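A short worksheet on the structure shown next.
This is a predicted model, so every value here is computed, not measured. Chain letters run A, B, ... following the sequence lines, proteins first and then strands; every chain starts at 1.
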2 protein chains.
Amino acid sequence: MLKNNRKNYHHGDLKTALVDAGLSELEEKGLESVSLRSIAARVGVSHTAPKNHFDGLRGLLTAIAAVGFERHAQEMSSGVEHLPPGKERLKAACNGYVRFALSNPELFKLMFSSTLCDASDPELKKAAWNSYGILRGVAHGLDWDKADAPGSPWRTEWMLWSMVHGYAMLLIEGQIRRNDDGTPLFEMDGLLPDFAYREAELEKMPPPFEGRGSVEI
Amino acid sequence: MLKNNRKNYHHGDLKTALVDAGLSELEEKGLESVSLRSIAARVGVSHTAPKNHFDGLRGLLTAIAAVGFERHAQEMSSGVEHLPPGKERLKAACNGYVRFALSNPELFKLMFSSTLCDASDPELKKAAWNSYGILRGVAHGLDWDKADAPGSPWRTEWMLWSMVHGYAMLLIEGQIRRNDDGTPLFEMDGLLPDFAYREAELEKMPPPFEGRGSVEI
DNA sequence: GAGAAAAAATTTACAGTGGAAATATGGAGC
DNA sequence: GCTCCATATTTCCACTGTAAATTTTTTCTC
């Protein structure tokens, strides 16, 4: 007996349907309240049907997180293409990072939860790296007080990443006061300290969509 | 029938016993796996006994988080007392912030989860403010590129807090590579950018244990 | 086309979970 | 002795994720 107005016994594309339903359930009910059963019910399928496509709830959440990282990357790079390399591009990308988190708080929390997601999943890994690559790309050549010690190419990246990520997290969790309309007192670019680029490196800055990560952190 | 080798029907101090048991369960089983029932069982009482002392699981977790913030504050201020005001004191406190997160990852995540905790709880609020007050105290007078715009006394604080918190979070969630022994590549003080203090403000820096927060963010 | 094999979905069962309600226990005060 | 009340227990319910056996449909092979 078919629960939905589904014509066929086989759904056809249950995998993506479940991910879509999961994305909706996530923001509606919150990360702690999503359940495999409710997601399955939303699609109109039995609660054990997902087993054929995902490795349990964790597997489904992992797939959802992967989509999250794709959208995250998109939000960071949207409107960045036509900005000149350097400060402006960096600030725009950082704003995108935080904007995404504020628009999709539950998804954002899921994406960075190593207990709810399987961080070793290839698709998630790829999507996460893609996303981080955007940040890494716009920060290329960043000269934050002559930061990088020899052999430590990540210091500046991590410094920037930590700040953006921490700000997003603290905002989401209600730790930092916001305006009455819910917008943050500062956009991310208003929080960033003064910095400069090494001019020599600047022209080597990759275009925003090619800064994809391929190196292990 | 008494489950434990408890003498009395009435436990005596079940409230603190539950919090203690919860703290243990938390790091042993992980944040997503702690249950009211397992905590109660650990103490040797029925799973509904906590109801008399806490408002459900959420209430118990809130109380646990409050203890977490107390320890967090302690970790930040330990060894800070005898350092001169300024850079050294700030760096030591920041190291403590991250050190605590790495030593108590599950507790740390709980403390900053607005869904798992009741952020409006007075005791949690107080403990969280105490903790933030430490950071705020050692950062008093911090001059990060003449940061604070008029009317925005929090900008520098938030910048610093975001970075420290983000770094802790990213480390905990396994997003940032660590050394083989699990220690981070950089301690927090090694990640901080160069900064200075406004000398005039420096002498007004409160001692580390008095920088308690009393202002609403 | 027929029949076997594989894939996808179902039903059923089970051990957990948190919470609500009714009940039992024991200590404090009189 | 007694009652009152805080505390803890038992019982029950709705819900969760997972596993196993089963049914249904598609696909592949002949």
Side-chain angles (χ1 to χ4, degrees), chain A residues 1-22 25-26 28-65 106 110 113 115-118 121, chain B residues 1-22 25-26 28-65 106 110 113 115-118 121:
Chain A
M1 184 189 308
L2 302 176
K3 289 186 182 177
N4 225 355
N5 18 10
R6 221 163 79 237
K7 295 197 193 74
N8 307 322
Y9 184 88
H10 289 312
H11 180 282
D13 197 4
L14 182 55
K15 191 165 184 175
T16 63
L18 285 169
V19 171
D20 287 345
E25 289 274 307
L26 195 53
E28 285 174 20
K29 303 192 174 179
L31 180 54
E32 320 293 337
S33 302
V34 290
S35 77
L36 206 105
R37 287 174 115 105
S38 67
I39 295 176
R42 193 187 189 102
V43 178
V45 84
S46 80
H47 75 281
T48 50
K51 190 69 203 288
N52 295 306
H53 305 277
F54 301 100
D55 186 14
L57 174 60
R58 199 174 143 86
L60 175 51
L61 290 178
T62 301
I64 293 172
E106 303 300 323
L110 170 64
S113 166
T115 43
L116 295 175
C117 293
D118 176 14
D121 178 79
Chain B
M1 180 190 310
L2 302 176
K3 291 187 180 176
N4 224 357
N5 17 10
R6 220 163 82 238
K7 294 196 193 74
N8 307 322
Y9 183 89
H10 291 307
H11 181 281
D13 196 6
L14 183 55
K15 191 164 184 175
T16 63
L18 285 170
V19 171
D20 286 346
E25 288 274 306
L26 196 53
E28 284 174 20
K29 302 191 175 182
L31 180 53
E32 320 293 339
S33 303
V34 290
S35 77
L36 199 85
R37 289 176 114 103
S38 67
I39 295 176
R42 193 187 188 102
V43 178
V45 299
S46 75
H47 78 280
T48 50
K51 190 69 200 289
N52 296 304
H53 305 277
F54 302 100
D55 185 15
L57 174 61
R58 201 174 141 87
L60 176 51
L61 289 179
T62 302
I64 293 172
E106 304 298 323
L110 170 65
S113 167
T115 44
L116 295 175
C117 292
D118 176 14
D121 178 79

(request) Identify which nucleotide among D:dA8, D:dT18, C:dT10 has an atom closest to any side-chain atom of A:Val45, counting heavy atoms from C-beta outward. (result) C:dT10
(message) Judged by each residue's nearest nucleotide on DNA chain D, which is more toward the 5′ side, B:Asp13 or A:Leu57?
(response) B:Asp13
(request) With sequence neighbours excluded, tell me which residues meet side chain to side chain donor-acceptor pair (under 3.5 Å) with B:Asp118. (result) B:Ser120
For nucleotides 20-22 of chain C, print each protein N/O atom paired with a nucleotide N/O atom at under 3.5 Å, atom names and distance only.
from	atom 1	to	atom 2	distance (Å)
C:dA20	OP2	B:Lys51	NZ	3.2

(message) What is the separation between atom CG on A:Leu31 and atom C1' on D:dT16, rounded to the nearest whole Å?
(response) 15 Å
(message) Tell me every residue that passes side chain to side chain donor-acceptor pair (under 3.5 Å) with A:Thr62, counting only those two or more places apart in sequence or in another chain.
(response) none
(request) Round to a whole Å and report the spacing from CG of B:Leu61 to P of C:dG18. (result) 9 Å
(message) So, using side chain to side chain donor-acceptor pair (under 3.5 Å) as the criterion, who are the partners of A:Lys15 when residues are at least two apart?
(response) none
(message) Measure CG/B:Leu60 against P/C:dT17 and give the value in whole Å, please.
(response) 14 Å
(message) What is the distance, to the nearest angstrom, from the CG atom on A:Leu36 to the C1' atom on C:dG16?
(response) 15 Å
(message) How many whole angstroms separate atom CG of A:Asn52 from atom P of D:dG17?
(response) 16 Å
(request) Could you tell me whether the side chain of B:Arg37 and the main chain of B:His47 form a donor-acceptor pair under 3.5 Å? (result) no
(request) Could you pick out which residue, B:Pro50 or A:Lys29, lies toward the 5' side of DNA chain D when each is mapped onto its nearest nucleotide? (result) B:Pro50
(request) Return the value, rounded to whole Å, for the distance between atom CG of A:Leu14 and atom P of D:dT25. (result) 16 Å
(request) May I ask you to evaluate whether A:Ser35 reaches the phosphate of D:dT16, defined as a side-chain N or O under 4.0 Å from OP1 or OP2? (result) yes
(message) Quiz question: going by heavy-atom distance under 3.5 Å, is there a donor-acceptor pair between the base of C:dG16 and the side chain of B:Arg37?
(response) no
(request) Could you grab the distance from atom CG of A:Asp121 to atom CZ of A:Arg58, nearest 0.5 Å is fine? (result) 10.0 Å
(request) Could you check if a side-chain atom of A:Ser38 sits within less than 4.5 angstrom of a side-chain atom of A:Lys29, using non-hydrogen atoms only? (result) yes
(request) Consider the side chain of A:Ala49, meaning its heavy atoms from C-beta on, and name the nucleotide among C:dA9, C:dT17, C:dG18 that approaches it most closely. (result) C:dA9
(request) Figure out the NZ/P separation between B:Lys15 and D:dA6, and round it to whole Å. (result) 15 Å
(message) Strictly below 4.0 Å, N to O, side chains only: are A:Glu28 and A:Arg42 in salt-bridge contact?
(response) yes
(message) Contact between A:Leu61 and A:Leu110 at the side-chain level, heavy atoms closer than 4.5 Å - yes or no?
(response) yes
(message) Going by side chain to side chain donor-acceptor pair (under 3.5 Å), name the residues that satisfy it together with A:Thr48, two or more places apart in sequence or in a different chain.
(response) A:Ser46
(request) Find the bend of the helix from C:dG1-D:dC30 to C:dC30-D:dG1 as the angle between its two terminal axes (five pairs each), to the nearest 10°. (result) 10°
(message) Please report the distance, rounded to the nearest Å, between CD in A:Glu25 and P in D:dG17.
(response) 11 Å
